[in-house]
Amino acid sequence: MTIPSAEGFLQASSCLPCTAEEERELVDALTREAEENVKDGDLRYLVSQSWWMEWQRYVGLVSCDENGTEQLPQATTRPGQIDNSKLVSAETISGNEEPELQRTLIDGKDYTLVPQQVWRKLFQWYKGGPEIPRKVIFDSPTHKAYIVDVYPLCLKLIDGREYSEQNIRISRKIVIWDYYQRSKSKKLTNLNETLEEAQINMDQEILLEMKLDESSSGFSSRSTNNELALIPLGPSTSSLSIAGGPTISNGFSSGIGSSFSQDNSFSPLLKDSADGYNSFSNGTKDDTHGLSGLHNLGNTCFMNSAIQSLVHTPPLVEYFLEDYTREINTENPLGLQGELAVAFGELLRKLWSSGRTSVAPRAFKAKLSRFAPQFSGYNQHDSQELLAFLLDGLHEDLNRVKKKPYIEAKDADGRPDDEFAEECWNNHKARNDSIIVDKFQGQYKSTLVCPVCNKISVTFDPFMYLSLPLPSTVTRMITVTVFSGTGDAFPMPFTVTVQKNGNCRDLTKALADVCCLKSSDALLLAEVYERRIYRYLTNPIEGLHNIKDEDILVAYRLPIGHEKHMRLEILHRRADRCAAEPQFNINRKLIGCPFVTCIPNDSTGKSDIYAAVSAVLAPFVRAKAHGPDVSAVKLNGNGPSLDGIVLTDNGATCEEGLSTSTGDDHAVDEHVPFQLSMTDEKGSVRNAIDADSNRGLGIVIRVLMDWSDREHEMYNIDYMDELPEVFKHGFLSKKTRQEAVNLFSCLDAFLKEEPLGPDDMWYCPGCKEHRQASKKLDLWRLPEILVVHLKRFSYSRYMKNKLDTFVNFPIHDLNMSKYVKQMSRGDRQPMYELYAVINHYGGLGGGHYSAYAKLVEEDNWYHFDDSHVSSVNEDAIRTSAAYVLFYRRVRGSCTVSNGVPVDIEMVDSLET
């Protein structure tokens, strides 16, 4: 009998060809082999990301974070067939041709790419489909960096006379023209030029023109040596249109390569036809300036919104409409040899020419993509990231400093801030001097303080924009239940707001404020887990990131100096009788929350411990309690007795000193209102309490209190069965986090002193170690153009999120005098006026960008939504989509005084 091999196995639902572990090892080996031997023309296959994640869970190929914690639970069931149906258009699945991809797919979110050998194995094991192969393309023959042509250019030949379509291979008898917007821009003759370098965009039109040396009377095709040649049979020329799909997209890249042109020279004047400027002109005269839209070349709304905001910045408009070429720096190795500045300048001139004709920023995007590969292709990007790169690139291209001098950085050495700040600014200007520095850059003061040695480090650094956090992104709410260690108050939960990167000292200070802590008291923080003290938070610089939302925190009010005394922990246990046992037993289940108090080091006898416990229990005494006096404990020198036979956890009898009488179920000391015994940190053992001294090896004495019906009748601690968690997710929390804030509260959060994150430790020159220092920023010098970035996107180890919180910002009279440290008496107040806004609609990984911009001369606002430009009322500018704000300093502001003008449209008042 012949046993078939795994290659021709049955369906996936039958006997498994391989175990999960074998599948994982085989796929891993095939992937490594394919990556090590990758070459131009190899195939990669698209696999649905959702199916790929199911398979990873099944084979145990789960991703781990930096702490080694699994982020995906391993699945126990085998995944079904490969389902790529969501990656392609529904109408193309059943056809004979290759399925057409959806145009908005994102690598790592919608699909993953696997080598051909891996796809064959997966298809053999699971079947399914459809099959979506894509070729590997190398950026450079010398560097092993490649991309996968996920979106290849699809060309169709359309005969303009009959509108017939066919796929073609072009021979040398055809002249190919860039026919963008039905205008001959240039011949496509460089066969080594990529489509992006040739500026061939999504839905591009191409003109195929027959050579004049051919003549006949019609159009046909013939096959010659398996090549398709186009033979002109009729008129000397024939206009043929090619409709294309998306251009090459970097679906996957093994590295980042930059493609610089061989010729770095540039022309100060680019042809208008390169951006198709005159294509839609209707021939009528229009004196309107600055109202031209920008074509969306394929997910380029992020770029269009940033461009519109910059081209409506008055100083830049004035600068680029004049002769700016004299300041272009072609020698700066950090710049782009002036090409980016020229491309931006010419685009600005087109947008400010008369008329409202939309412009296609093809030449600008080609320059941008060449020098910033992260913005190549047609995926969505962050508009603020593009803005930051563009401003920095323009600065380097227009830097007036041809040779940057070497300047050694110096410390303040006790000098006044004014002197040191001026020196730092002059040093910065000696190396960086451009229109961007003149108009967009300010200076802030950064102060770092070591939490251990209190070493202070002060630096003055330039900034191009302010990235303001939304208050809900930098703070968190923590609920802590505060207990009295002396029994003079009832336990009470308090919720405080602290910095996410804060430490235990910040939490203790916030709690002290809300619970009105006396100057003679101190708080001892502790984490409670399974009804016992899990750990004490005694390190004041321990980060709050170690505290999870589901944890339970308590704080004990103790006298100052309690660290010098013996700490007494009181654990609680339910004492229920199990009559089903042959002998009486006690179920040891901890209840409630531990109490903590302190006693003198030389007062650790039985009477001292009972007196301390009785004092802590005083607030819990029931009003109708009868029996012995619970406020003062009188001991007769004998240890406390328990009813019935008492066994330890291992079944042995208790140590001598505890009664084991079985005659009287209630044979307890009438003078002792409760029963105590010595125990360990888990409450798992019981030992007798010594009458004279009970000092152990450490600084903590732990006792266990048994709660029978008698104790419950005397004290009420039922509510402590469920202590509040640190943070309870729910409707209230969601509502709190999405409530409206104003721009001033964002500025306050940005400038507030906060500790550095655990991943951003500072090397203290005093301690010679990395410390989680506290950092404080102060605005020292403000620019003429103030760009404010609202940090709506938050990223964590486990999730990404966008905050749609409405931020109320002033349109007129933004007074920054409150936030500027360097202002002399008589200086004019730094008053700003809004002139542009970048908006983002939707969620992460997609969405849409648009811009509001103001024509300052007209004092009118307009909405720039790609090629569509419309008028908008000023009242509609404030929305929850505002992402980047552009302010310009207005002249003629009054001098500094006590009166601070505030935008009357602001809903929230300015908070100090």
Side-chain angles (χ1 to χ4, degrees), residues 256-268 310 313 315-316 318-320 322-345 348 364 367-368 370-375 384-413 415 417-446 448 457-467 763 765 777 779-787 822:
I256 299 177
S258 57
S259 54
F260 293 88
S261 63
Q262 299 297 325
D263 182 10
N264 285 331
S265 62
F266 61 92
S267 171
L310 287 182
T313 301
L316 289 186
E318 181 181 354
Y319 178 82
F320 281 100
E322 296 177 353
D323 184 13
Y324 61 91
T325 57
R326 65 183 183 275
E327 292 194 347
I328 290 180
N329 189 338
T330 60
E331 305 174 6
N332 189 356
L334 300 178
L336 312 178
Q337 289 74 48
E339 294 188 39
L340 183 63
V342 170
F344 178 80
L348 183 144
F364 175 79
K367 297 293 182 184
L368 183 69
R370 283 176 54 197
F371 297 106
Q374 65 267 34
F375 298 116
Q384 187 271 333
E385 291 181 2
L386 172 82
L387 179 69
F389 170 83
L390 183 54
L391 287 175
D392 188 62
L394 290 176
H395 157 64
E396 297 295 353
D397 270 5
L398 300 172
N399 196 347
R400 305 180 186 107
V401 180
K402 305 304 180 182
K403 293 184 179 180
K404 296 185 177 183
Y406 172 76
I407 300 176
E408 184 178 357
K410 298 181 181 179
D411 294 331
D413 292 331
R415 288 179 290 171
D417 285 347
D418 295 355
E419 178 184 339
F420 186 49
E422 191 65 25
E423 177 184 298
C424 293
W425 182 253
N426 292 335
N427 292 342
H428 174 68
K429 289 279 289 184
R431 294 171 53 85
N432 303 275
D433 186 16
S434 68
I435 180 67
I436 305 300
V437 175
D438 296 341
K439 304 300 181 182
F440 286 85
Q441 287 197 355
Q443 187 183 34
Y444 63 78
K445 174 186 175 183
S446 175
L448 291 171
S457 174
V458 177
T459 57
F460 289 88
D461 301 301
F463 68 87
M464 192 92 72
Y465 50 86
L466 299 179
S467 288
Y763 183 78
L777 293 178
L779 299 180
W780 193 264
R781 185 192 308 264
L782 291 177
E784 180 178 338
I785 302 299
L786 181 63
V787 181
Q822 176 60 10

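Atoms considered below: every heavy atom in the structure, side chains included; atoms not considered: hydrogens, waters and symmetry mates. Predicted, not measured: the structure shown is a model, and the values here were computed from it.
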Task: No-hydrogen, no-angle side-chain donor-acceptor test under 3.5 Å, H428 and Q441 - done: yes

Open item on the list: If you compare all heavy atoms of S434 against all heavy atoms of L398, which two are closest, and at what distance to 0.1 Å?
Closed with: CB-O, 3.4 Å

Task: Point-to-point distance, once rounded to the nearest 0.5 Å, from NZ of K445 to CZ of R781 - done: 14.5 Å

Open item on the list: Within this structure, what is the CG-NE2 distance for the pair D438 and H395, rounded to the nearest 0.5 Å?
Closed with: 10.5 Å

Task: Heavy-atom check, side chain of F344 versus side chain of L310, under 4.5 Å - done: yes

- [ ] Could you tell me which non-hydrogen atom of P462 sits nearest to which non-hydrogen atom of Y444, and how far apart they are?
- [x] O-CE2, 4.0 Å

Open item on the list: Is any side-chain heavy atom of L316 closer than 4.5 Å to one of F440?
Closed with: yes

Task: Residue pair V458 / F420: nearest heavy atoms and the distance that separates them - done: O-CE2, 3.6 Å

Task: Result of checking L340, I328, I436 against D397 for side chain to side chain contact (heavy atoms under 4.5 Å, CB included) - done: L340

Open item on the list: Over 60° means perpendicular and under 30° means parallel, so tell me whether F389 and F375 are parallel, tilted or perpendicular.
Closed with: tilted

TODO: Quick one: pull up CG in N427 and CD in E422 and give me the separation to the nearest 0.5 Å.
DONE: 10.0 Å

Open item on the list: So, using side-chain contact (heavy atoms from CB on, under 4.5 Å) as the criterion, who are the partners of K402 when residues are at least two apart?
Closed with: N329, E331

Task: Non-hydrogen atoms of A430 and P405 that approach each other most closely - done: O-CD, 3.5 Å

Task: side-chain contact (heavy atoms from CB on, under 4.5 Å) assessment of N399 paired with L334 - done: CA-CA 10 Å; N399 196 347; L334 300 178; over 6 Å; no

TODO: Show your working on salt bridge (charged side-chain N to carboxylate O under 4.0 Å, His left out) between K410 and E423 and close with a plain yes or no.
DONE: CA-CA 10 Å; K410 298 181 181 179; E423 177 184 298; 5.5 Å; no

Open item on the list: For F463 versus Q443, what's the shortest heavy-atom pair and its separation?
Closed with: CE2-N, 3.2 Å

Open item on the list: Applying side-chain contact (heavy atoms from CB on, under 4.5 Å) to E339 and T330, what does each step give before you reach the verdict?
Closed with: CA-CA 9 Å; E339 294 188 39; T330 60; over 6 Å; no

TODO: Using salt bridge (charged side-chain N to carboxylate O under 4.0 Å, His left out) as the criterion, list what pairs up with K404, not counting sequence neighbours.
DONE: E396

- [ ] Quick one: closest heavy-atom pair of D433 and V437, and the distance?
- [x] N-CG2, 4.4 Å

- [ ] For the pair Y324 and Y319, name the ring-plane relationship: parallel under 30°, tilted 30 to 60°, perpendicular over 60°.
- [x] tilted

Open item on the list: Between W780 and D417, is the side-chain contact (heavy atoms from CB on, under 4.5 Å) condition met? List the steps.
Closed with: CA-CA 10 Å; W780 193 264; D417 285 347; 3.5 Å; yes

Open item on the list: Could you go through L394 and I435, starting from their C-alpha distance and side-chain angles, then the distance that decides it, and tell me whether this counts as side-chain contact (heavy atoms from CB on, under 4.5 Å)?
Closed with: CA-CA 9 Å; L394 290 176; I435 180 67; over 6 Å; no

Open item on the list: Using 0.5 Å steps for rounding, measure from the CG atom of D418 to the CZ atom of F460.
Closed with: 8.0 Å

